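This report refers to the structure that appears directly beneath it.
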Amino acid sequence: MTVVALGCLLITAACGTIPGQAGTTATQEATSAAVATVTGTASASVDTTAPPAPAWDSADLHVPGNFVLLLPLQFTLARGVVISDTNVTPLDEQTIRNEITEELRHLLFVVDSNSTMKVYSPGVSPVSAHLGVAANGGVQITYSQSVDSQAGTVSIAFEGTLLKGQLTVHYEQYYNPSAFINADASDVVVAFATRIRWIAPTEIPAAPRNGSYHLDANGAIVLTWQVGQHAVTYEVYRQISDVDQQFRLLATVKGTSYTDSSALARQNLHSMKGIAYAIFSVGPTGVENPGAIVVAIPGQPNQG
């Protein structure tokens, strides 16, 4: 992925008044405040224990294993509107499809104990899904989620039916903007079907641990972290709060360090809001752990 919005999943067509952000997701600028100021902390870690054996009757609703969605999503409905104080404006159907695909392709469904499941998405705490028996004999997977940030609140409702590797989904996303930004509300509803790919426990890397930073002799920012089990690469993202509306991908690295020697980072190292880096683990088959460590470099108070 090229852009990740930690803690905020809103469709940016609803935030068209933010310049230069079309086609990306809005960000949660408060992410760094929720983590350790200097060293960074680990967020949602994925349980990599072996999944239970398949069982599809009403007494035992275990899903056969962990899975991700396969693309492309086969949409049967893609409808949405932007809601301002004076108008309700339809959203472009293809824009909705593109944005929802970008968001949902990062979902990771992980079997939990006691016939339950957790759903992971980048940068936010995992949500517990309710499992039930569908009319067609499949397993119903439903969950709701509310994500708050400085950009506003995103409310999500997911209703899916899984049967023999086929998942059909009804998904709604409502965005209520914060009073602190110039944006309109939006309401999006989609329905789609997709195949899923079962994920072995060893394909899910653990999140990296113990992120920290220091400055080298030339003033570059050197990030270091400890390995996440089963990770083969790491994706490094950066957000400069005075410049960026979202985290931006800087590099994919195989080791456990990265040096940001860019002029932009040097220029903003002592800005008021500081700089935050997010580091994700990627497994041997490209499965990503949605839980990142965030290394936050604190801002400096205005000396003026």
Side-chain angles (χ1 to χ4, degrees), residues 1 3-19 21-31 34 43-44 69 73-109 117-132 140-161 167-194 245-247 290:
M1 58 182 176
V3 175
V4 64
L6 297 184
C8 189
L9 304 178
L10 61 93
I11 289 182
T12 53
C15 297
T17 50
I18 302 177
Q21 300 308 314
T24 65
T25 49
T27 192
Q28 178 186 9
E29 293 187 356
T31 299
S43 63
L69 308 184
L73 306 180
Q74 304 298 324
F75 287 91
T76 57
L77 172 68
R79 184 178 65 232
V81 293
V82 174
I83 307 166
S84 69
D85 291 338
T86 57
N87 294 298
V88 176
T89 305
L91 282 166
D92 175 69
E93 183 174 323
Q94 190 58 50
T95 298
I96 295 172
R97 293 184 180 194
N98 292 343
E99 294 290 345
I100 293 297
T101 297
E102 177 63 23
E103 292 172 11
L104 298 190
R105 75 183 183 91
H106 300 298
L107 292 184
L108 175 60
F109 296 79
M117 172 178 285
K118 283 189 171 63
V119 183
Y120 292 79
S121 53
V124 298
S125 298
V127 59
S128 293
H130 174 72
L131 303 182
Q140 285 184 332
I141 303 171
T142 59
Y143 68 88
S144 59
Q145 188 175 30
S146 182
V147 180
D148 296 318
S149 75
Q150 287 186 347
T153 300
V154 178
S155 300
I156 293 167
F158 181 103
E159 300 177 1
T161 300
L167 183 69
T168 56
V169 174
H170 184 274
Y171 180 87
E172 183 168 5
Q173 181 190 88
Y174 179 77
Y175 166 60
N176 186 29
S178 166
F180 297 104
I181 68 172
N182 183 19
D184 295 325
S186 68
D187 191 9
V188 171
V189 178
V190 300
F192 62 87
T194 182
Q245 292 292 331
Q246 69 280 313
F247 280 80

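Predicted model only: the values in this text are computed from it and were never measured.
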Heavy-atom closest pair (V190 atom, A78 atom, distance to 0.1 Å) is CG1-CA, 4.0 Å
V154 side chain reached by Q145 side chain, heavy atoms, under 4.5 Å: no
Closest non-hydrogen contact found for I83 with D184 is O-CB, 3.5 Å
side-chain contact (heavy atoms from CB on, under 4.5 Å) filter on T194, not counting sequence neighbours, yields L69, L70, L73, L167, F192
Between the CD atom in E159 and the CD atom in E172, the distance rounded to the nearest 0.5 Å is 9.0 Å
For R97, the side chain to side chain donor-acceptor pair (under 3.5 Å) test, sequence neighbours excluded, returns E93
For Y143, the ring-ring contact (aromatic ring centres under 6.0 Å, His included) test, sequence neighbours excluded, returns F158
Closest heavy-atom pair, G152 versus Y175, reported as atoms and distance to 0.1 Å, is CA-CE1, 4.2 Å
On a heavy-atom basis, the closest approach of I96 and G80 is CD1-N, 3.4 Å
When rounded to the nearest 0.5 Å, the distance separating CD of Q173 from CG of D187 is 9.0 Å
Of all heavy-atom pairs linking V119 and A129, the shortest is CG2-CB, 4.1 Å
For T153, the side chain to side chain donor-acceptor pair (under 3.5 Å) test, sequence neighbours excluded, returns D148
Side-chain touch K118/Y120, heavy atoms, less than 4.5 angstrom
yes
Across all chains, not counting sequence neighbours, the side-chain contact (heavy atoms from CB on, under 4.5 Å) partners of T76 are A191
Separation between OH (Y171) and CD1 (I100), nearest 0.5 Å, reads 5.0 Å
In short, Y174 meets S186 closest at the heavy-atom pair CD1-O, 3.1 Å
Those residues at least two apart in sequence (or on a different chain) that pass side-chain contact (heavy atoms from CB on, under 4.5 Å) with D92 are Q94, T95
